[in-house]
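Just so it is clear, the model here is predicted, and its values are computed rather than measured. Below, read A as the first sequence line, B as the second, and so on, with proteins coming before strands; counting in each chain starts at 1.
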Protein chains: 2
Amino acid sequence: MLDDSSPSGTRADLIAAGLHLFGHDGFAATSTRALAARAGTNVASIAYHFGGKDGLRMACAEEVLRRITAVAGAPAEPPQMPPDEALGWLDTMLRALVGFLTQAPQAADIVGFMLREMAEDGPGLALIYESFFRHKHRELCRLIAMVTGGDPDSQSIRLLAFSLMGQAIYFRIGQPIVCRRMEWPQYGEAESRAIADRLSANLHAILRAEK
Amino acid sequence: MLDDSSPSGTRADLIAAGLHLFGHDGFAATSTRALAARAGTNVASIAYHFGGKDGLRMACAEEVLRRITAVAGAPAEPPQMPPDEALGWLDTMLRALVGFLTQAPQAADIVGFMLREMAEDGPGLALIYESFFRHKHRELCRLIAMVTGGDPDSQSIRLLAFSLMGQAIYFRIGQPIVCRRMEWPQYGEAESRAIADRLSANLHAILRAEK
DNA sequence: CTAATTCAATCAAACGATTGATTGAATTTC
DNA sequence: GAAATTCAATCAATCGTTTGATTGAATTAG
């Protein structure tokens, strides 16, 4: 089995198939034959490249991590800044998150796979959490603390950061329900902006009260 | 196949097994033999009582609907009331929701099954949504409108209601991640209250800004 | 009342189909 | 031509479902 260096055609195709099918149907409900068919290759290729179905799952998680860091940027320590500027930064991040979750057709498989892994508490979740999520959440806490003037490591702010992100993530997880109730056929550009505006208003209201 | 009248032992045991295993492992990953073993009966009982695995899934959804309406009460039209009282009502509902999602050991299987069905957009979701969720969300919108004085049917308030509920639901879906970051072994009484307090503060801040 | 019959319910066993994995030969790549 | 890769074919195991037999409690018949 190779590691990750060579982006062979078959290898990349299998990962793409995994991201789509694992996210769309779930890990258990996705057969190796369905994966191979979608990748346009033979079932034996899965064992050859990844050692097996589980190996492909982890390779998909690594691919998610790779792409997500490429988009969201490597987690960095945000520089000290005035409250208004930090708030603007948070607003930008929140809107980017909503856009990433609800639109971005090329990111649909990524998001789907990630949410599946989260719902199933799968092995890929641990990797993504430790390598990305953990630091991003800490970064969020620091920005919030710059706005409210609180302690970035306090339980209160850590929960606040989760509740802000959670709103956005829920709108993706609960998409079937939201669309039915809002009488939207699906999430389009206008719908995505309506959600972002709503959550942005929430962000400002919450942080203003927290000051 | 019976309908629902007789709460036969085997029938009830199979539904209990379904609620637990479907929610815990997912529908596809749960075998009929595992279901029968947990229910202490024979695999053939599934086909006999429910017509098959899919039938058991729907019976579980009906059971969820039955229990959830028994707890949350049938969706009713909230009477007109002053803003402060409506806000208090919303606060109580939010705290009850958090408590139901994060604690309530007897409700763990119910919540798990429901969230699974939501994540998989399963056939049980449509039933629960149409029979309960839809009306409950409308009830929520009316209460919010009483606080802010806006139109309960406006897109803005409908999205607001989703963002309030979504916060609570996310804390349950993202439990593995939240617990890791908060360094909590699991959700206990203190943790549940910390989350409820956080979301209650968000509720007040958002509705105050919305007035 | 007793015997014959029907019925819902459960069981062990087996069905064909599908699962993930493996094999060794064929093919491609360099 | 040697290594890397893909292929068809096959493996044992498990999948959801079905079968025919069996049980004990109702129901019916005489």
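In this structure, CG of A/Leu14 is placed 13 Å from P of D/dT5, rounded to the nearest angstrom. As a whole-Å value, the separation of B/Ile46 CD1 from C/dC11 C1' is 14 Å. The CZ-P distance, from A/Phe22 to C/dG20, rounds to 9 Å in whole Å. One atom, CZ of B/Phe50, and another, P of D/dG16, lie 15 Å apart when rounded to the nearest Å. Taking atom CG on A/Asn42 and atom C1' on D/dC7, their separation rounds to 5 Å, with Å as the unit. Between the C1' atom of D/dT23 and the OH atom of B/Tyr48 lies a distance of 13 Å, rounded to the nearest Å. Rounded to a whole Å, the CZ atom of B/Arg11 is 11 Å from the P atom of C/dT10. If you measure from atom NZ of A/Lys53 to atom C1' of D/dA13, you get 14 Å, rounded to the nearest angstrom.
Side-chain nitrogen and oxygen atoms of B/His49 include at least one within less than 4.0 Å of the OP1 or OP2 phosphate oxygen of C/dT10. Of the side-chain N and O atoms in A/Thr10, none sit less than 4.0 angstrom from OP1 or OP2 of D/dT5. OP1 or OP2 of D/dC15 has at least one side-chain nitrogen or oxygen of B/Ser31 nearer than 4.0 Å. For A/Thr32, no side-chain nitrogen or oxygen approaches OP1 or OP2 of C/dT19 to under 4.0 Å.
Toward the 5′ end of DNA chain D lies the nearest nucleotide of A/Ser45, the other residue of the pair A/Ser45 and A/Arg33 mapping further downstream. Of the two residues contacting DNA chain C, namely B/Thr41 and A/Ala29, the nearest-nucleotide position lying further toward the 5' end is that of B/Thr41.
Under the 4.0 Å criterion applied to side-chain N and carboxylate O atoms, A/Arg57 and A/Glu120 are assigned as salt-bridge partners.
Put simply, the side chain of A/Gln155 does not reach to within 4.5 Å of the side chain of B/Arg198, judged on heavy atoms. Side-chain contact between B/Leu125 and B/Phe133 is absent, with no heavy atoms from C-beta onward closer than 4.5 Å.
Ranking D/dT17, C/dC11, D/dC7 by closeness to the A/Ala44 side chain, first place goes to D/dC7.
A/Asp25 and A/Thr30 are not linked by any side-chain donor-acceptor pair at a separation below 3.5 angstrom, with hydrogens and angles left out of the test.
A cation-pi arrangement is found for B/Arg180 relative to A/Tyr129, the charged atom lying closer than 6.0 Å to the ring centre and inside a 45° cone about the ring normal.
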